[in-house]
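Note on naming: letters A, B, ... go to the chains in the order of the sequence lines (proteins, then strands), and numbering restarts at 1 for each one.
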Protein chains: 2
Amino acid sequence: MQDVADAAGVSVGTVSNVLNHPAKVSPATAERVREAISRLGFVRNDAARSLVSGSTNSVGMVLADIENSLFIDMAHGAQDAARAVGQNLLLANTACDMTLQDDYLDLFDESRVTGVLLAPMEDSSAGIARIRSHGRQVVLLNYAPRPGTCCSVLVNNEHVGYLAARHLIDTGRTRLAYVVAHDDYQPVRDRRRGVRAAVEEAGPGVTLEEIDSVGLTSSHGHVVGQDLARRAPDDLPDGLIAVTDELANAIIHQLHAVAGIRVPDRVAVVGCENNRAAGASVVPLTAVDMPGRTMGQEAIRLLMDEVASGAQHRHATVVLEPELIVRASAPR
Amino acid sequence: MQDVADAAGVSVGTVSNVLNHPAKVSPATAERVREAISRLGFVRNDAARSLVSGSTNSVGMVLADIENSLFIDMAHGAQDAARAVGQNLLLANTACDMTLQDDYLDLFDESRVTGVLLAPMEDSSAGIARIRSHGRQVVLLNYAPRPGTCCSVLVNNEHVGYLAARHLIDTGRTRLAYVVAHDDYQPVRDRRRGVRAAVEEAGPGVTLEEIDSVGLTSSHGHVVGQDLARRAPDDLPDGLIAVTDELANAIIHQLHAVAGIRVPDRVAVVGCENNRAAGASVVPLTAVDMPGRTMGQEAIRLLMDEVASGAQHRHATVVLEPELIVRASAPR
DNA sequence: ACTAGACTTTGGAGCGCTTCAACGCGCGTC
DNA sequence: GACGCGCGTTGAAGCGCTCCAAAGTCTAGT
């Protein structure tokens, strides 16, 4: 910066002003400085800047699973909203590894980012408490925080389950099954509550079976599908809710394509995420849509609110409502 | 830091040593300092650190399309490799927006990251030249750089096209079509060369038609699929190569599921990426696999090489070979 | 008892920037 | 001609850390 100042025949203070408060500098001087900057290829040092200001204009976003299109949607929404308020969005993928998640939280903490958006897969209270205690703001996405500990953007996951089950019931299915895994993951728990609520509401004519899968991915779904395919025909559910789309698609594949048990004729299937792949599968998947983009936008809004309002900030929870997307796997 | 030093009854220099050179500090002192750090909730300021050292231990990765599983694989591979050498990987998604891409390159440049991994969708020579001229190292992924301007990790995209076409020819298809868009995108150009090479090699018995799609996504693929479905039966190709999996899947959907033109019986289809969704589609997609993870790992290796070797560094290009994954849409 | 040498600890310089009080400088006013 | 005023500009303080020369402490050898 001194070099630029020398080259332009001004002081470093003036160079700084050209960069940060152009109005304070006469046009002629500013032009001279800008010319020197580009001639010398000067790049200001962000570290020094944020050392002085004590902050940055970056927001860190920590995602548990960048493979999942819901998380990507959230990132998209957050990016748009962040840019609109002059912040950059930096992404970090933890691949569901809590050690990595803690590392990234600490990294963002040490980098003095404006704030952190966290979309975890497990309870992360410890990490949140840690960086919040340093004054770093956190907004939690798709995972309910301990009450009063931070802002959050949630989907009404109970309603997700309810909508899924309700659609099957409304279309005449009476023997439902809910395929679930990872019941310690709070959105999963909520979805189950909704499924159960819908079934109870329907009265004794509708039954619910809960099928425990080992995990939430395709391979686990294939196992569940194979097990189902081996059942006696009248032991088969006629409506199936899978807690993730991936599970749903894998089950459909096994039933429909491998075992010849037609979907939706014999079994209707509903997923609970409406992932990117939902519409493109063997039998396009009816699924309850999670509004990822909006979630990301809301998260940035909450974060900037919190940063702006300082001490008198009150934590808020935004709960967005899901929407059923009807496709072939469980038609109207 | 001064507070910690006071609390532990030592100087700031010692606190710094506890954090950075623990071996230099006696165990008792170190313990006292650490206790003070956690009691006071001290978080070291990364900005000040990197101001002193002139560098960080973060690598920035700029991705053109985080929706595409190839890019996600690259991010995964890079993350693993980066962590193995003590670097954090920061992700940025440009969503194919060159303005955003330039912004992120500049952001990483100003942040003095160790280096930048760039996986673009268009020629990015200008941006690369800009930040390289400031001494920032860049490794280009899946896009050939101007010769000698930087390191890069590529896939032999010509061979991608070749493998795809060759597989169709080897399994008896004689009337091939290559569906392509975005021909200014260099990997796309390369793939076409490979397709043409395979067809020429096969001699006069095999013909190639090139079908221009408007874009690379599902909706564009649906249009192409509809157009194909309207053709007279003997005007239909019997082997189809789509430059992206998304295109391939959409075409299969239109042909097979909508128009009843069986895949692979009437038309065999091959994709060129082997995306995550390839195996889960209506007719599981035969595709040429791009080794994303390895690409990411190699990129980090090249970057760290370049950082370590300084002036005597010679740019290198790593070219990885693709592999055909045979599934139902174009069986053996 | 004295000292060389190894191990610890200290304190201050300096990283590159922003900010702000202070300082010109020209101009209109009294 | 002295004064006040606003605009541009300056120069230095200080952000929080790392690094290093120097000082301090301890042990063992003479």
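The rotation axes computed at either terminus of the helix from C:dA1-D:dT30 to C:dC30-D:dG1 lie 60° apart, taking five pairs at each end and rounding to 10 degrees.
Salt bridge annotation for A:Glu298-A:Arg301: present, with a cationic side-chain nitrogen under 4.0 angstrom from a carboxylate oxygen. The pair B:Asp103-A:Arg83 meets the salt-bridge criterion, since a charged nitrogen lies less than 4.0 angstrom from a carboxylate oxygen.
Between A:Leu19 and A:Ile37, some side-chain heavy-atom pair lies under the 4.5 Å cut-off. Looking at A:Ser55 and A:Thr114, their side chains never come closer than 4.5 Å, going by heavy atoms from C-beta outward.
For A:Phe42, the side-chain atoms get nearest to C:dC17 when compared with the rest of D:dG16, C:dC17, D:dT18. The side chain of A:Ser11 approaches D:dT10 more closely than any other nucleotide in the set C:dT9, D:dT10, C:dG16. Minimum atom distance to the side chain of A:Ser26 is reached by D:dT9, of the listed D:dT18, D:dT9, C:dC17. Looking at the side chain of A:Ser16, the nearest of the listed nucleotides D:dC17, C:dT19, C:dC17 is C:dT19. Checked against C:dC17, C:dT10, D:dT10, the side chain of A:Val10 finds its nearest nucleotide in D:dT10.
In this structure, B:Asn20 and A:Thr14 both approach DNA chain D, and ranking their closest nucleotides by distance from the 5' end singles out A:Thr14. Residue whose closest nucleotide on DNA chain C sits further toward the 5' end, between B:Val52 and A:Gly13: B:Val52. Summary of the strand contacts: A:Val12 and A:Val25 both lie near DNA chain D, and taking for each the nucleotide with the nearest heavy atom, the more 5' one is attributed to A:Val25.
Among the heavy atoms of the strands lying under 4.0 Å from B:Thr29 are primed sugar atoms or P, OP1, OP2 only; no base atom is included.
Of all heavy-atom pairs spanning A:Ala30 and A:Val18, the tightest one is CA-CG2, 4.0 Å.
Taking only side-chain nitrogens and oxygens, B:Arg44 never comes nearer than 4.0 Å to OP1 or OP2 of D:dC17. In this structure, B:His21 does not reach the D:dT18 phosphate: none of its side-chain N or O atoms is under 4.0 Å from OP1 or OP2. Contact annotation: A:Ser53 side-chain N/O to D:dC15 OP1/OP2 distance is not under 4.0 Å.
The number of heavy atoms from other shown groups lying within 6.0 Å of CZ (A:Arg39) is above 12.
Atoms CZ (A:Arg49) and P (C:dC15) sit 20 Å apart, rounded to a whole Å. Residue B:Glu31 contributes atom CD, which lies 16 Å from atom P of C:dT8 at whole-angstrom precision.
Partner A:Phe108 forms a side chain to side chain contact (heavy atoms under 4.5 Å, CB included) with one of A:Leu117, A:Ile131, A:Val113 and no other, that one being A:Val113.
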